[in-house]
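The block underneath contains the structure these notes are about, expressed in structure tokens.
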Amino acid sequence: MSFQALVDTSSQVAATSKRTEKTALLAALLAPLSPDDTVVALGLLSGEPRQGRIGVGWSAISNIDAQPSATPTLKIATIDAAIVALAETTGPGSASRRAEQLHALFSAATASEADYLKRFFVGEIRQGALEGILADAIAKAHGVPGTLVRRAAMLSGDLRRAAEAVVRDGRRGLEALGLTVLTGVQPMLASTSTDVAEALAATGPASVEWKLDGARIQVHRSGDEVQIFTRNLNDITSRLPAMVAAVRSLPVASVVLDGETLSIGGDERPETFQETMSRFSQDSPDDRGLRPFFFDILHVDGRDLIDLPLHERLAELERVAGQYRIPAETTGDPAVAATVLEQALSSGHEGVMVKGLDGLYQAGRRGKSWRKVKPVHTLDLVVLGAEWGHGRRSGWLSNLHLGARIDDASGTGSDDFLMVGKTFKGLTDELLRWQTAEFPAKVVSESRGTVSLQPHFIVEIALDGAQSSTTYPGGVALRFARVRRYREDKLLSEVDTINAVRKLLKERPRQESEKNDSSQ
DNA sequence: ACATAAGCATC
DNA sequence: ATCGGAC
DNA sequence: GTCCGATGATGCTTATGT
């Protein structure tokens, strides 16, 4: 593929917002593929180049023409900041003019930047970047059903594998791709329900399992060989030696398990998510504080289990790894499920998963037979500022800076506020229009895409909880904050206090000595 | 040598 | 992660 | 039902700046 064709197509892909058009453009790119080709398909990523690093974004393209095509590989590259910036900053003009601009920028990139980009752009697809569209495009280009491409990609954990298979062997090659032990499978995801009754109504009789606040793990074992993957199929085997040993001791020759890992304290209660992440992310770790909890099994001793109903998989899981099973109860009764939820919460966990007993393991899908249920908190907070949005939100004030009220012991009502987080979620186009129209009247200053506002607008925020923070002045930050609605009926004195936010911090269990102290 | 920022990961 | 919008 | 795009907080490792 020529550089020019690449630039032309990427510009077009960047310029259209219609999924079908993107698919068609990419399919045209992929159609002339032969097994000897190295082909570059373009994904378009969100975001803008980080300040001072724009030069990095461009040098990628200069290397693409030079890629050797020694092996019959379909290479899918994603063009990140380069194409976004190309579309947004160069304005109208011929593709060749844009190409010249790009070349000028490439030459300004340092050697390390170019090296980084080679790794990043060529031969790698960033997780989640337009994969659906790319899968459709690949299917279209080769005249096979999209579902086949997707299934192959999910089970082999990698769109590139599926693409290679169609290019080389057509439909038959796709159909031959399946679950392979020691190769990551895209994990099944869950949809959300507001309460256990709603979840059970959707699933029917279910396994109601504690939802633990840790990191997803997928464990493969074949003989003595063990591989552990994250949710995005990153290989973290070397970071978890104790877990590898535990898996080696299971009474099987080969197995694929799905679960969660987190840090559990001496009192058997979970540590904070931050603590878990600290242990989980360290490169030279002692992972003994990290415990595995498994909730599914995809393969055992030569048998794939993904197309068996959940209750049969759970029976296998119990047999193979019963000691590591996540706490769960099977029921169709909402009252029983509610009790399980209460137990999970009072034990310090996040909520429950409700999983239909007849459901199959739908790799990579947000299965309707898996529902997560977590309690939702709400707070009334004040808007301290807002940021101008990007992409489809450009021209609108989008991301809100949220403040909690400082408690006032004098009782006269304070109007001082501490920032506790930001959110852009939950805003409809109508709300974006509204706040973009209303906020300017209260602006006190503006700099670098952020406007500061007098405390005036009060907004109801839904959130999952709070976590300790070193970046915010009150020492707490919101977790997964989203806008519910504006509260024009509320007074500033009714804004929730910083202490109310702090109460949402996960409470650590008290030590025995403290319990004794407090009872005196 | 040390401090800060970028980049990527988890949720 | 979550959410709204587009398909 | 799915996918995409726009962004949240935080921790660790590595690159860059002084």
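Throughout, protein chains are lettered first and strands after them, A, B, ... in sequence-line order, and every chain is numbered starting at 1.
- Shown for residues 375-384 of chain A: no residue has heavy atoms falling under 4.0 angstrom of DNA chain B.
- Nucleic acid contact class of A/Thr230 (heavy atoms, under 4.0 Å, all strands): sugar-phosphate only.
- Classified by interplanar angle (parallel below 30°, tilted 30° to 60°, perpendicular above 60°), the ring pair A/Phe439/A/Phe457 is tilted.
- Atom C1' of nucleotide D/dA9 and atom CZ of A/Phe273 are separated by 10 Å, given to the nearest angstrom.
- For the pair A/Ser278 and D/dG11, the criterion of a side-chain N or O lying under 4.0 Å from OP1 or OP2 is not met.
- Distance CZ (A/Phe280) to P (B/dA9): 12 Å, rounded to an integer number of Å.
- Between A/Gln282 atom CD and B/dT10 atom C1' the separation is 14 Å, expressed in whole Å.
- When each of A/Leu290, A/Asp287, A/Leu240 is paired with A/Arg279, the side-chain contact (heavy atoms from CB on, under 4.5 Å) condition holds for A/Leu290 and for no other.
- Residues A/Trp388 and A/Glu446 bring a donor and an acceptor atom of their side chains to less than 3.5 Å of each other.
- Contact check of residues 461-482 of chain A against DNA chain B (heavy atom, cut-off under 4.0 Å) returns A/Arg479, A/Phe480.
- In the set C/dT2, B/dC11, D/dG11, D/dG11 carries the atom at the smallest distance from any side-chain atom of A/Gln274.
- The nearest whole Å value for the distance from the CH2 atom in A/Trp396 to the P atom in D/dA6 is 12 Å.
- For the pair A/Asn234 and B/dC8, the criterion of a side-chain N or O lying under 4.0 Å from OP1 or OP2 is not met.
- Here the closest non-hydrogen pair linking A/Lys372 and A/Ala190 is CE-O, 3.9 Å.
- A 4.5 Å side-chain heavy-atom check between A/Arg291 and A/Glu268 finds at least one atom pair inside the cut-off.
- Atom pair A/Asp213:CG and B/dT10:C1' shows a separation of 10 Å (rounding to whole Å applied).
- If you take CZ of A/Arg279 and C1' of D/dT10, they are 17 Å apart, rounded to a whole angstrom.
- Side-chain atoms of A/Arg161 and A/Ser156 form no donor-acceptor pair, as typed in the model, at a separation below 3.5 Å.
- For A/Glu387, the side-chain atoms get nearest to D/dG8 when compared with the rest of B/dT10, D/dG8, D/dT13.
- Nearest heavy-atom pair across A/Pro375 and A/Glu350 is CD-O, 3.4 Å.
- Going from atom CG of A/Leu290 over to atom P of B/dC11 covers 12 Å, rounded to whole Å.
- No side-chain heavy atom of A/Ile306 sits under 4.5 Å from any side-chain heavy atom of A/Val185.
- At the phosphate of C/dT2, OP1 or OP2 sits under 4.0 Å from a side-chain N or O atom of A/Lys374.
- Taking the ring centre of A/Phe480 as origin, the terminal cationic atom of A/Lys374 falls outside the region bounded by 6.0 Å and 45° from the ring axis.
- For the pair A/Arg365 and A/Arg393, nearest-nucleotide mapping onto DNA chain D gives the more 5' position to A/Arg365.
- At B/dT10, one or more side-chain N or O atoms of A/Asn232 fall inside 4.0 Å of OP1 or OP2 (strictly under the cut-off).
- A/Glu209 and A/Ser207 are linked by a side-chain donor-acceptor pair at a separation below 3.5 angstrom, with hydrogens and angles left out of the test.
- In this model, the phosphate group of D/dG8 is approached by a side-chain N or O of A/Lys422 to a distance below 4.0 Å at OP1 or OP2.
- Taking only side-chain nitrogens and oxygens, A/Asn399 never comes nearer than 4.0 Å to OP1 or OP2 of D/dA6.
- At least one side-chain nitrogen or oxygen of A/Arg150 sits closer than 4.0 Å to the OP1 or OP2 atom of D/dC3.
- Summarising the geometry, the separation between CG on A/Leu432 and P on C/dC3 is reported as 16 Å, rounded to the nearest angstrom.
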